[in-house]
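FYI, side chains are in, hydrogens and waters are out, and symmetry mates aren't considered; it's all heavy atoms of this structure. Computed from a predicted structure; not experimentally measured. Convention: sequence-line order gives letters A, B, ...; per-chain numbering from 1.
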Amino acid sequence: MIARVIVDVPSRATDRPFDYGIPDAMSGWVEVGSRVGVPFAGRVLQGFVIAIVPFAEVDSKKLKPIAELLDHLPPLSPDLVELAQWISDKYCCALTTALQAMIPSALKGKADSVVTLAEEAEASDGRLIEVADEPWLHYVRQSGGEVRLALLQERFPGAAASIKAAIQRGTLEERVSIRDRLAVRKVLTVFPPENPAEAEASIAAASSRAAKQQEVARYMLEHREPIPLAALAQALSMTTGTIRGAEEKGWILIRETVQQRDPYAGRGFRRTEPLSLTEGQQAVYDELAEALDNESSRVFLLHGVTGSGKTEVYLQAIERCLKDERQAIVLVPEIALTPQMVERFKGRFGDSVAVMHSRLSSGERYDEWRKIREGRAQVTVGARSAVFAPFKRIGLIIIDEEHESSYKQEESPKYHARDVAVWRARQHNALVVLGSATPSLESFVAASASRGQEADGNASPSVKRGATLLPMPDRVGGRPLPKVHLIDMRDELKGGNRSMFSRQLHEALLLRLERGEQSVLLLNRRGYSTFVMCRSCGYTAQCPHCDISLTYHQKSKALRCHYCGHAEQAPEVCPSCESEHIRFFGTGTQRVEEELAKLFPGIRVIRMDVDTTTEKGSHEKWLTQFGNREADVLLGTQMVAKGLDFPYVTLVGVIAADTSLHLPDFRAAEKTFQLLTQVAGRAGRHELPGEVVVQTYNPEHYAIVSSQHHDYSSFVQEELKHRRFMAYPPFCRLILVTLSHEQLALLISEGEKLASTLRDLARAAGVKSSDDGDGSRFIDILGPVASPIPRMKDRYRFQCMIKYRGNVGASDLLKQAISLLSGTNGQPPVTMSVDVDPQVIL
DNA sequence: CTTCCGGTGAGT
DNA sequence: CTCACCGGAAGG
């Protein structure tokens with residue numbers, strides 16, 4: 001049989017299967033989804049088997065055998081391979097890129113050479129025959145005649161030529177293989193003896209000299225449970241030597257065992273029982289349960305206001321799914337994946353939960369992944385990439401806060417977890433449940449269309465239909481949504497208040513301090529940043545490699561570029577006009593913190609932003625402190641808006657609601673509405689009633705007014721009008737192509753070429769190029785224009801936007817156009833990055 | 001994306 | 001005749 005392999009070279013030329021023979025020793029082990037090492041262009045590369053076929057496409061002379069099989073259990077299953085193919089097609093990326101995205105990074109092996117000293121090189125007296133006095137040769141001999149080539153090169157940097165010569169001559173034999181970045185963690189573990197009766201007799205017969213060793217043996221006979229060597233030594237306060245002594249006498253066993261890194265080890269999760277559901281929850285649950293029983297793939301949009309108890313519905317639906325021996329995936333936005341959230345799932349489903357998020361080390365993530373792969377977990381809670389969890393039989397995929405833009409991956413493969421989930425669910429006849437208090441317009445339109453309640457008569461036919469809307473309009477326990485006060489900051493200024501706190505917010509904060517209640521303050525950070533500006537000439541510090549302002553880091557007193565990492569010393573005087581009035585504007589949150597300290601002496605503030613949460617576990621630490629009421633105010637950026645649930649929070653303040661409103665992104669209003677609604681939902685979730693104060697300069701804007709009244713549907717009506725008028729999603733779809741090159745002129749001409757080729761192809765396919773507003777199909781190619789960041793890492797950037805509606809084969813046209821581009825004779829080629837359904841247009 | 005290979009031209 | 005360098009094609 002022949003294995004068709006995708007090699008790990010992410011370029012267009014190699015993005016196709018290559019055939020390899022399966023050696024007899026591996027037959028039966030190599031499967032679709034296996035990870036293998038294969039010879040390719042004179043080296044060994046990692047690859048994935050995507051098919052096993054009886055005949056090769058090339059003649060057998062060219063065919064080479066697979067060099068090695070990298071795992072016992074294939075890391076991917078045939079359904080994931082199929083999914084990868086869909087992703088590579090839909091999101092225009094190399095198949096290997098999609099495949100790689102599905103496995104933990106610990107498994108991304110790189111080729112590594114091991115050199116062995118050939119036997120002929122040694123004479124009978126042990127002296128080396130060929131090159132006697134090379135120091136590296138002695139080193140190889142000392143290491144048992146075998147050593148990693150990389151290590152040898154590292155130890156003997158000057159010996160490259162002589163090592164190479166030795167390999168060519170055959171003195172050294174080179175063997176190439178793929179080494180994983182990380183193996184399972186092994187630990188020495190003590191076991192009770194195989195034959196307890198025999199051991200017991202032997203212990204009794206032993207002299208009193210080995211008292212300590214006898215103690216070890218008796219302990220193991222009594223407890224019976226395997227225990228890590230180090231832990232036992234500590235428990236009995238002795239050294240491991242004593243325990244090893246007991247092993248030598250045959251009283252106990254010491255073996256290497258695979259240790260599971262459990263990031264949540266030693267943390268007790270209080271077991272919870274299903275709560276009784278409210279009427280609203282029950283109705284939703286019933287519908288999900290029935291759909292689960294039908295075992296056909298469906299998509300539900302669970303539109304529940306904040307505090308309506310969506311999580312309990314998820315938990316019970318999962319329970320139902322598990323009873324049926326099917327597994328469940330829960331996706332949560334990265335920043336909402338708080339210990340609180342994890343606790344709810346661990347508390348209900350215990351050890352059968354695997355947790356996956358970016359704050360785990362790569363080893364921890366690998367172990368959680370294996371827990372799923374080996375069938376020891378039935379539920380996974382994780383960020384975006386958990387949609388690829390290697391379960392065998394998925395019954396349910398839940399996407400909480402489905403509107404979050406973090407479900408879109410910004411690097412290749414630029415997939416949207418929501419779309420991947422829908423596709424994967426179809427493979428498994430599983431349900432997708434999209435949950436949100438503020439659904440994305442795309443999902444909402446898809447769900448309304450299927451219900452026959454047209455959200456808009458002209459909703460695009462390209463919008464996927466067939467989602468079922470499940471509304472949950474009431475909060476659990478009949479608690480009212482918090483009252484939202486809009487404060488017009490223009491009036492504050494007129495009234496002579498130049499502080500960043502309105503009088504009302506000031507008073508509200510004071511009241512919480514008096515009552516000992518807590519407040520959450522949100523700084524809508526987009527628009528603020530930490531930059532340097534000269535107050536006399538207006539100079540701002542720019543990155544020399546990217547067209548972007550440098551950010552100021554207070555700790556290191558340095559200026560840094562976010563995009564390329566360039567760093568320089570912060571200047572003392574303006575480099576342009578030599579004025580001393582150069583100012584460093586700190587993060588917005590820093591400024592707010594300072595002002596709070598000034599206005600409310602003794603106030604305890606926890607500040608959460610990129611500066612204070614980069615350290616591992618810091619995020620968690622702050623939230624625990626706040627939960628323990630060790631602070632009065634939790635101040636932060638978007639991360640304080642999501643998923644937090646603290647009973648003593650009765651005030652939410654939004655310092656400036658509109659900083660995100662006027663960004664040049666068609667989703668600006670939607671993002672603002674979502675953020676305000678989410679953060680308002682943090683107040684008054686328990687017994688104490690909540691209050692929200694929103695400061696704004698645009699109190700009439702529909703996004704702000706709708707959020708004041710918690711009125712999703714009027715926001716949607718208004719926003720859909722704008723989107724339709726401007727022909728933006730969900731009334732069309734977008735593909736953003738970014739081109740970059742060192743040379744501006746070449747970049748522009750290549751960009752023009754791409755755009756005109758695309759236009760020609762579209763015309764030839766008979767698709768009209770403008771939107772008639774009647775919902776019919778069209779494809780429009782905009783640009784090329786300079787990207788929002790026109791230069792990054794010394795490369796200029798231009799972009800084309802493809803806007804289309806209906807089944808026009810847009811990505812096929814694009815792929816065709818890219819392949820038609822005639823090289824750049826002599827110059828390095830223009831790099832192109834394709835973003836299908838981009839979330840951030842900025 | 002690397003590596004290989006054949007072609008060229010300068011150097012021994 | 002050898003060697004370094006380059007550009008283009010192939011990689012199973």
What I want to check is whether the side chains of [X] and [Y] have a donor and an acceptor closer together than 3.5 Å.
X	Y	value
A:Gln46	A:Glu68	no
A:Ser412	A:Thr97	no
A:Ser769	A:Asp780	no

Just call it for [X]: base, sugar-phosphate, or nothing, with non-hydrogen atoms closer than 4.0 Å on any strand.
X	value
A:Arg12	nothing
A:Lys62	base
A:Pro39	sugar-phosphate
A:Ala13	base

Between C:dG12 and B:dG6, how far apart are the two C1' atoms, rounded to whole Å?
22 Å

Test ring pair (Phe, Tyr, Trp, His ring centres under 6.0 Å) applied to A:Tyr91 - qualifying residues, sequence neighbours left out
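Result, ring pair (Phe, Tyr, Trp, His ring centres under 6.0 Å) vs A:Tyr91: none returned.
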
5' to 3' contact window, DNA chain C with chain A (heavy-atom distance under 4.0 Å)
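Span of nucleotides near chain A: C:dG11 to C:dG12.
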
Pairs under 3.5 Å (N/O, protein and nucleotides 3-6 of chain B):
from: B:dT3; atom 1: O3'; to: A:Ala41; atom 2: O; distance (Å): 3.4

Determine yes or no for a side-chain-to-main-chain donor-acceptor pair under 3.5 angstrom, with A:Arg560 supplying the side chain and A:Leu550 the backbone.
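Not confirmed, A:Arg560 side chain does not pair with A:Leu550 backbone.
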
A:Gln799 side chain to A:Leu736 main-chain N or O, any donor-acceptor pair under 3.5 Å?
no

For the pair made of CD1 in A:Ile6 and P in B:dC1, what is the distance, rounded to whole Å?
17 Å

Ring centroids only, cut at 6.0 angstrom: are A:Phe388 and A:Tyr415 within range, meaning strictly under it?
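Ring centroids of A:Phe388 and A:Tyr415 are less than 6.0 Å from each other.
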
Atom NE2 in A:His416, atom CZ in A:Arg418: separation rounded to 0.5 Å?
4.0 Å

